[in-house]
Amino acid sequence: MDIFMSSLSKTSASPYQDIEVEDKSSDVVWHNASVSHEQRVAAQGHKPAVLWFTGLSGSGKSTVANAVDKLLYDLGCKTYLLDGDNVRHGLNGDLGFSDKDRVENIRRIGEVSKLFVDAGLLVSTAFISPFVADRDLVRQLLADKQFIEVFIDTPLEVCEERDPKGLYKKARAGEIKNFTGIDSAYELPKLPEIHVKTAEKSIKACAEQVVNYLIVNGYIQSKNRAKKASSCE
């Protein structure tokens with residue numbers, strides 16, 4: 001990993017240290033469902049998990065996640081894609097881009113992702129999610145091997161060249177504050193399950209790398225692949 005990208009991982013303090021979480025659910029009783037998680041998983045024919053795509057703006061998170069979602073759909077898997085921009089139009093429309101709001105943004109998505117996993121789905125999430133603590137928090141919400149960190153590792157200079165939304169140009173001009181990679185840090189994943197380099201591979205190859213990980217590690221069962229083969233005949 002180059003020196004410049006490594007410098008993005010350095011922060012002086014965790015954004016969590018000044019945040020107090022108040023439990024307002026002490027009088028709420030958990031309601032047990034008649035259909036169990038195990039029954040829902042059995043009905044899907046594949047193991048549920050969260051594919052957590054993380055990386056800089058313009059790295060290709062949404063593009064790769066969307067391509068992965070299509071490949072999984074074609075394999076007969078039950079999936080859903082949560083995109084960072086789309087979620088901020090609704091569920092997280094009240095949040096800004098301060099460190100505190102970024103933490104809350106990811107906390108909410110983590111809880112939503114957990115619900116999708118409980119339903120037995122393979123859910124992809126495409127969020128910058130710049131802080132290691134954010135991503136670790138979501139990992140801790142889920143059972144072992146249900147959180148798959150997908151690091152979309154694209155050099156900052158490549159992201160700026162792409163700049164599909166013109167955000168880097170605005171950030172460099174001082175029109176956008178707290179922009180990840182410019183005046184807000186991105187903490188590199190320590191040990192991502194999947195390391196994808198979009199500057200070196202096509203979108204198709206990147207998506208296939210992710211799906212192959214799921215196949216090799218037993219998330220996608222043989223009947224899903226058989227279904228794909230029969231549909232192509």
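For this chain, numbers begin at 1 and follow the sequence in order. Heavy atoms only: backbone and side chains are in, while hydrogens, waters and symmetry mates are out.
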Here the gap from Ile194 atom CD1 to Asn217 atom CG, rounded to the nearest 0.5 Å, amounts to 8.0 Å
Evaluation steps, side chain to side chain contact (heavy atoms under 4.5 Å, CB included), between Lys114 and Leu142 = CA-CA 7 Å; Lys114 182 179 178 181; Leu142 299 162; 4.1 Å; yes
Flag yes if Tyr80 and Val112 sit in one hydrophobic cluster, no otherwise; membership is Ile, Leu, Val, Met, Phe, Trp, Tyr, and two members link when side-chain heavy atoms are under 4.5 Å apart.
-> yes
Can you check whether His195's main-chain N or O pairs, donor with acceptor, with Gln209's side chain at less than 3.5 Å?
-> yes
Show the numbers, then the answer: is there a side chain to side chain contact (heavy atoms under 4.5 Å, CB included) between Ile109 and Val138?
-> CA-CA 8 Å; Ile109 296 308; Val138 180; over 6 Å; no
Measure the shortest side-chain to side-chain distance between Ile220 and Leu72 over non-hydrogen atoms and say whether it is less than 4.5 angstrom.
-> yes
Heavy atoms of other groups near Leu115 CG, more than 12 under 6.0 Å | yes
CG-CD1 distance between Asp136 and Ile106, expressed to the nearest 0.5 angstrom | 12.5 Å
State which residue, out of Asp153, Ile182, Leu156, fulfils the side chain to side chain contact (heavy atoms under 4.5 Å, CB included) condition with Leu56.
-> Leu156
Who are the side-chain hydrogen bond (donor to acceptor under 3.5 Å, both in side chains) partners of Thr198, not counting sequence neighbours?
-> Thr154, Arg162
Between NZ of Lys78 and CZ of Phe116, what distance do you get to the nearest 0.5 Å?
-> 14.5 Å
Report whether Val196 and Ile215 are members of the same hydrophobic cluster (ILVMFWY, side-chain heavy atoms less than 4.5 Å apart, transitive linking).
-> yes
Could you walk me through whether Tyr219 and Lys145 pass side chain to side chain contact (heavy atoms under 4.5 Å, CB included), step by step?
-> CA-CA 10 Å; Tyr219 289 88; Lys145 298 183 179 180; 3.5 Å; yes
Could you list the residues that satisfy side-chain hydrogen bond (donor to acceptor under 3.5 Å, both in side chains) with Lys204, not counting sequence neighbours?
-> Glu208
Is there a donor-acceptor pair under 3.5 Å between the side chain of Asp183 and the backbone N or O of Asn178?
-> yes
Qualifying salt bridge (charged side-chain N to carboxylate O under 4.0 Å, His left out) pairs with a residue from residues 51-72, counting only residues at least two apart or across chains = Lys70-Asp74
Val211 reachable from Ile203 in the ILVMFWY side-chain graph, under 4.5 Å edges | yes
Residues which pass side chain to side chain contact (heavy atoms under 4.5 Å, CB included) with Glu193, listed by chain and number, not counting sequence neighbours | Arg139, Ile148, Glu149, Tyr213
For Lys169 and Arg172, what are the C-alpha separation, side-chain angles and deciding distance, and is it a side chain to side chain contact (heavy atoms under 4.5 Å, CB included)?
-> CA-CA 5 Å; Lys169 184 178 180 179; Arg172 291 293 188 188; 5.9 Å; no
Joint hydrophobic cluster, Tyr186 plus Ile176, side-chain heavy atoms closer than 4.5 Å | yes
Taking every heavy atom of Ala65 against every heavy atom of Leu81, the minimum-distance pair comes out as CB-CD1, 3.7 Å
So, are Arg108 and Glu111 salt-bridged, with charged N and O less than 4.0 Å apart?
-> no
Return each pair, listed once, that meets ring-ring contact (aromatic ring centres under 6.0 Å, His included) where at least one residue sits in residues 159-184; pairs must be two or more places apart or across chains.
-> Tyr168-Phe179
Has the side chain of Glu200 got a donor or acceptor atom that lies under 3.5 Å from a matching backbone atom of Lys197?
-> no
Evaluate the side-chain proximity of Thr180 to Ser57: yes if any heavy-atom separation is below 4.5 Å, no if none is.
-> no
dist Glu160:CD -> Leu167:CG (nearest 0.5 Å) comes out at 11.0 Å
Show me the donor-acceptor pairs, under 3.5 Å and distance only, between side chains in residues 119-131 and residues at least two apart or in other chains.
residue: Ser129; atom: OG; partner: Trp52; partner atom: NE1; Å: 2.9
residue: Ser129; atom: OG; partner: Thr54; partner atom: OG1; Å: 3.3
residue: Ser129; atom: OG; partner: Phe127; partner atom: O; Å: 3.0

Spacing of CG belonging to Leu141 relative to OG belonging to Ser113, to within rounding of 0.5 Å = 9.0 Å
Value for CD (Glu187) from CZ (Arg135), rounded to nearest 0.5 Å, stands at 7.0 Å
